[in-house]
Structures are given as structure tokens and as C-alpha cells.
Amino acid sequence: MMVPAVLLLLGALTAVLAPRLLARAQWPEREPVVALWVWQCVVGAVLLCFALSMPLSAAAAWQAVRGRLFAAAPSGVVDAYALGAAGGLWAACTAVLLAGGGLWTGAMLAREVLRARSRRRAQGAELLLRAPLLPGEEAAGARLVVLEGRRPDSWWLPGPAPQLVVTTAALGRLKGSQLDAVLAHEQGHAAARHDWLLHCSRALSRGFPQVPVFAAFEAEMHRLVELAADDVASRRYGRLTIALALVGLNEDRGLFGPGPAPQAHVPQRVRRLLAAAPRLSPARRMRLTALATLAPAIPLLVAFGPGLSALA
């Protein structure tokens, strides 16, 4: 019964310590793509700890589950896990709670995906209403759609034929290649499938609001995906171009004044682009990526280690 308990303890420690360590680090500002990968590995390791603990706890509680789980394994493998010792009610409650948590997570993710599709359909219908197609015009033909509007704004409309929507006020503000930089920024989101990262982080945060690691995961995903998309645009059009585009789109919203801004991440993004901090060395990026990849491997090693040792 030690293995399920160790997995639960490992998941809890990872959920508590990893966000604190990442919050103290300075490098995520310079390497948002690597930071995105690290966060995914950390949260994946936490979920994997609980997911692996669930069947082992159920096997410790019920002989029928144990027989199915280890049906093809030699008897020495079953003995290595010592699942029959001190299981009982504690193991049964743990298995039921973890199974309920898994079902709840799936339900929250499905809800977020359905809501996102509903919002996308509503946005598409509103776009057709405000910018109707001309006779002979195809809906998938335009990558850029211009709407009449007094407020500078732009957003990406995903779907089978993704489009960048900008207002006429935004066109008046964006000079030179700034519009191309905004398009490259939004294309960076689409190419990296950042919407799925946001769906997953939002589902975990809203499904388990009392778990700090999931709340931090959602907040960091919103911040890091914007930094990563800024970097995509800045590599093609320069940091100053995308910084000026951000200022042009947001200067009328009171984000750059002396008081607290409702969207403080926008001024922070502009300052980051203008500071132009150098990237980490390729060797350090590889080390961080490799270390993060090891995080989900540790629960796998804990879960399968006794069985592999018995076979050896």
C-alpha cells in the first residue's frame, strides 16, 4: 500500500513547491515557450500522480480490481506492491475520491470546450451580421476582416477558416508593418494551439478552485501565451513594431497611466519588448526542457518501479 501513498505525497509536494519555485524564477520572461512546457510538465506530473494512485488504491481495496489490474502479471509482481497490507477503508475512499476527481476534470474540460465553440459560433454570426458577404464572395476567402468601429481593437476568430478581425479605428492607429505584426501575433497563437492550453488551465482552475497550483497554472498560461506570441511577431517585424502596435491598440483604455491598470499585463508586455532582454543560451534551454520532461517520468518510475524490480 506504500506506492499509492507515495504517489499522493509526491503529487501534493509537486503541487505546492513547483509553483513557488517558478514564481521566483526570472527566466520565464525571457523564454516563455520553455516556461509553457515546464508548466505543462508540472501539472501533468501532478495529474499523473493522482491518476496512477487511483487504480493502485482500488486494487488495494478490492480483490476483483486487483485481479483485473494484474491479470497478466506474475505473482511476484503483485507481491512487490504489497497491496493487500493495510488497505481497507482508506484505500477504498482514496480510490473513489480520485475517480470522482477524474470524472469532474473531464466534465469541466468538456464544458470549457463546448462554451468555447458556442462563443466562436456567436462571434461568427455577429461578424456575418456586421460584415455581410458580398455577392459571389466566399466566407473562407478573407484572412483579414475590417469592421467599422470607433475603438481600436483586433482579435483572432479561430475555426476552419481563421480570420483576423480589426476595426477601422485600429487601422487608423496601426502604421506601417504594425498590422502585419498583429497578424503574426495572432497566427502565433493559432499555430501553437494556445486555445487548448487555455481551455485545459481554465477547466482545472474552475473545477478545483481551492487547489493553488491550478489557479497559478491558469494565470501563467494567460500571461505566457501572450509573451510567446509577442516573440513570434517580434522575430519577423521587430520588438519595437509589436510594442508600438500594442500601445496603439490600448492607449485609449487607461492601461499606461500612473494608476493600477485593469489589464496590467499589457504594459508589462510593452516594457518587456522594449527592454529586449537576451534569450537564454541553447544549452540552458535544453537543460530546462530536459529537467521539465523528467517531472512526469518520476510518477511513472514510482508506479512501475516495484513491478519492474520484481521482474528483474
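Take E218 and apply the side chain to side chain contact (heavy atoms under 4.5 Å, CB included) test, not counting sequence neighbours, and it matches S201, R202, S205, H222. With sequence neighbours left out, the side chain to side chain donor-acceptor pair (under 3.5 Å) criterion links R279 to E31. With sequence neighbours excluded, the residues forming a side chain to side chain contact (heavy atoms under 4.5 Å, CB included) with A99 are M54, listed by chain and number.
R223 has a carboxylate O that lies under 4.0 Å from a charged side-chain N of E29, or vice versa, which qualifies the two as a salt bridge. Ion pairing between D231 and R236 fails under the 4.0 Å rule for side-chain N and carboxylate O.
Donor-acceptor pairing under 3.5 Å is lacking for the side chains of H194 and E226. Checking R271 against Q268 by side-chain atom types alone, no donor-acceptor pair falls below 3.5 Å. Donor-acceptor pairing under 3.5 Å is lacking for the side chains of S57 and W90.
E220 places no side-chain N or O within 3.5 Å of a backbone atom of F217 that could act as its donor or acceptor partner. In this structure, W39 contributes its side chain and M221 its backbone to no donor-acceptor pair below 3.5 Å. The closest donor-acceptor contact from the side chain of R173 to the backbone of L249 lies at 3.5 Å or more, if one exists at all. Listed for the S118 side chain is no donor-acceptor partner under 3.5 Å among the backbone atoms of L114. The backbone N or O of D153 sits less than 3.5 Å from a side-chain atom of T167, completing a donor-acceptor pair. Judged by distance alone, with hydrogens and angles left aside, the side-chain atoms of Q40 form a donor-acceptor pair with the main-chain N or O of L36 at under 3.5 Å. Remark: side-chain polar atoms of T289 are paired, donor with acceptor, to backbone N or O of R285 under 3.5 angstrom.
Pairs of residues two or more places apart, or lying in two chains, never qualify as salt bridge (Lys or Arg N to Asp or Glu O under 4.0 Å) while including a residue from residues 295-304. Pairs of residues two or more places apart, or lying in two chains, never qualify as salt bridge (Lys or Arg N to Asp or Glu O under 4.0 Å) while including a residue from residues 89-103. Pairs passing the salt bridge (Lys or Arg N to Asp or Glu O under 4.0 Å) check and including a residue from residues 190-200, sequence neighbours excluded, read R193-D195.
L22 is listed as a side-chain neighbour of W27, based on a closest heavy-atom distance under 4.5 Å. Two residues are said to be in side-chain contact when any heavy atoms from C-beta on lie closer than 4.5 Å; L240 and L273 fail this criterion. With contacts defined as side-chain heavy-atom distances shorter than 4.5 Å, the pair L183/W156 qualifies.
More than 12 heavy atoms of other shown residues, nucleotides or ligands fall within 6.0 angstrom of atom CH2 in W62. Shown here is W196, whose CH2 atom has no more than 12 heavy atoms of other residues, nucleotides or ligands within 6.0 Å. Within a 6.0 Å sphere centred on CZ of R150, heavy atoms belonging to other residues, nucleotides or ligands number 12 at most.
The heavy-atom pair separating C41 from A295 by the smallest distance is O-CB, 4.1 Å. V16 and R20 make their closest contact through O-CG, 3.5 Å (heavy atoms, listed as atom of the first residue, atom of the second, distance).
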